[in-house]
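Data block below; observations after.
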Amino acid sequence: MIANNLIYMLTAPYQFQQEIRKSIFLAHAVPVYTEMQVGEWLQRLKIPEATHNCWAYRIRQNYKSNDDGEPSGTAGRPILQVIERQNFDCTLVIVIRWFGGIKLGAGGLIRAYSGTAAECLRQSSSKLYIPKKEFIIVCSFSDYALVKARIGEYQAEIAMENYESMDVECHLVVPEEQYLALKRRLLDLTRGQILIEDII
């Protein structure tokens, strides 16, 4: 069971197919970061000859679902609920159905779409998403040697260094939960002689 505060992101597109009472259900799970990417992937993955192309996505606080002709609430919303239940973010899932001649009923459709989407996400390759904080520091050369020796203790990464002026300017990326502790440490190390500027 995934803890509620953990968020997962796909590391690559994945597909899963199964047959349910003679209907074929093909699911694609794709990492997406903008609504424009959602549109591009839907255009690429939708199969016009299929009976239905139902989908849902979640990107941060934005989400949307589409039943594509299935009875309202039996396809798109169940797919979205699977994305949310499995704690995925920045994820699009499209489930394509070829009707096999046997009607599934509302409950059967919900189970088929959610089950196919859930199995696709379960089998996909994903990683734990760790929110990051970016900021810039400016300090003297002598202080920077101390700073550079300590930032690894806070899982911070150096994105850019600039030695052109009298001081050193450095762009750091750190897990959000470590940010305040690292900031306090940097101020201590440099006796307050460091400029720390957040990147919004």
Side-chain angles (χ1 to χ4, degrees), residues 2-18 23-99 109-110 112-136 155-160 171-179 197-200:
I2 298 169
N4 287 335
N5 60 337
L6 300 181
I7 299 171
Y8 291 84
M9 299 178 87
L10 294 165
T11 55
Y14 188 79
Q15 69 179 52
F16 168 79
Q17 182 175 308
Q18 65 178 344
S23 282
I24 302 295
F25 289 84
L26 170 63
H28 291 274
V30 183
V32 286
Y33 303 96
T34 65
E35 291 185 8
M36 185 181 290
Q37 285 183 331
V38 170
E40 289 168 357
W41 275 106
L42 287 174
Q43 202 168 8
R44 194 181 311 175
L45 295 173
K46 277 184 176 180
I47 300 174
E49 306 78 51
T51 318
H52 303 281
N53 291 268
C54 307
W55 53 268
Y57 73 83
R58 175 183 166 191
I59 303 173
R60 308 288 187 260
Q61 303 305 314
N62 299 319
Y63 55 87
K64 197 171 183 181
S65 63
N66 189 302
D67 293 312
D68 190 39
E70 292 283 29
S72 180
T74 62
R77 195 174 303 144
I79 296 169
L80 179 60
Q81 287 170 344
V82 165
I83 295 170
E84 291 173 338
R85 262 199 316 270
Q86 294 196 24
N87 290 4
F88 274 87
D89 196 2
C90 298
T91 299
L92 164 69
V93 176
I94 176 170
V95 180
I96 301 160
R97 180 192 184 193
W98 288 266
F99 180 55
L109 286 172
I110 291 169
Y113 280 101
S114 63
T116 306
E119 197 55 41
C120 185
L121 286 176
R122 264 195 294 273
Q123 294 185 19
S124 68
S125 174
S126 63
K127 65 179 178 181
L128 186 63
Y129 169 64
I130 300 170
K132 301 279 180 95
K133 179 84 174 167
E134 297 182 46
F135 62 103
I136 292 170
Q155 292 95 55
E157 299 165 17
I158 298 170
M160 181 274 295
H171 179 164
L172 292 173
V173 182
V174 65
E176 258 181 25
E177 61 183 23
Q178 298 274 22
Y179 171 64
E197 185 180 323
D198 292 350
I199 297 173
I200 299 169

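Here the CZ atom belonging to R97 is positioned 10.0 Å from the OG1 atom belonging to T116, to the nearest 0.5 angstrom. Between the CD1 atom in I94 and the CG atom in N53 there is a gap of 4.5 Å [rounded to 0.5 Å]. L80 CG to L92 CG: the interatomic distance, rounded to the nearest 0.5 Å, is 11.0 Å. Here I130 contributes atom CD1 and E177 contributes atom CD; the two are 7.5 Å apart, rounded to the nearest 0.5 Å. The CZ atom of R85 sits 11.0 Å away from atom CD1 of I83, with the distance rounded to the nearest 0.5 Å. Put simply, CD1 on I59 and CG on D89 are 8.0 Å apart, with the number rounded to the nearest 0.5 Å.
Looking at C90 and Y129, their side chains never come closer than 4.5 Å, going by heavy atoms from C-beta outward. No side-chain heavy atom of P131 sits less than 4.5 Å from a side-chain heavy atom of P175. In this structure, the side chains of C120 and V93 stay at 4.5 Å or more apart for every pair of heavy atoms. In this structure, N66 and L42 have side chains that are not in contact, with every pair of non-hydrogen atoms separated by 4.5 Å or more. T91 is not listed as a side-chain neighbour of R58, based on a closest heavy-atom distance of 4.5 Å or more. Proximity of W55 to K46: side-chain heavy atoms (C-beta onward) are separated by under 4.5 Å at one or more points. Counting only heavy atoms from C-beta outward, the side chains of V95 and L26 never approach each other to under 4.5 Å. Put simply, the side chain of F99 does not reach to within 4.5 Å of the side chain of H52, judged on heavy atoms.
Using a 4.0 Å cut-off between charged nitrogen and carboxylate oxygen, K133 and D198 count as a salt-bridge pair.
Of the N and O atoms on the side chains of Q86 and Y8, not one donor lies less than 3.5 Å from an acceptor on the other residue. The closest side-chain donor-acceptor pair between S114 and Q81, if any, does not fall under 3.5 angstrom.
More than 12 non-hydrogen atoms from other residues, nucleotides or ligands lie less than 6.0 angstrom from CD of E84. For CD of Q43, the number of neighbouring non-hydrogen atoms (other residues, nucleotides, ligands) closer than 6.0 Å is 12 at most. Y33 OH: more than 12 foreign heavy atoms inside a 6.0 Å radius. Within 6.0 Å of atom NZ in K64, 12 or fewer heavy atoms from other residues, nucleotides or ligands are found, so the atom counts as exposed in its surroundings. Atom CE of M160 sits in a crowded spot, with more than 12 heavy atoms from other residues, nucleotides or ligands closer than 6.0 Å.
Contact detail for D67 and A75: the closest heavy-atom pair is OD1-N, 3.2 Å. The two atoms that bring P78 and G73 nearest to each other are CD-O, 3.4 Å, heavy atoms only. In terms of heavy-atom proximity, W41 sits nearest to P31 at NE1-O, 4.2 Å. In plain terms, the two heavy atoms of P71 and L109 that are nearest each other are CD-CD1, 3.7 Å.
Exactly one residue among Q17, Q15, H28 makes a side-chain contact (heavy atoms from CB on, under 4.5 Å) with I96. That residue is H28.
In this structure, Y179 and F135 have perpendicular ring planes: the angle between them is above 60°, well past the 30° mark.
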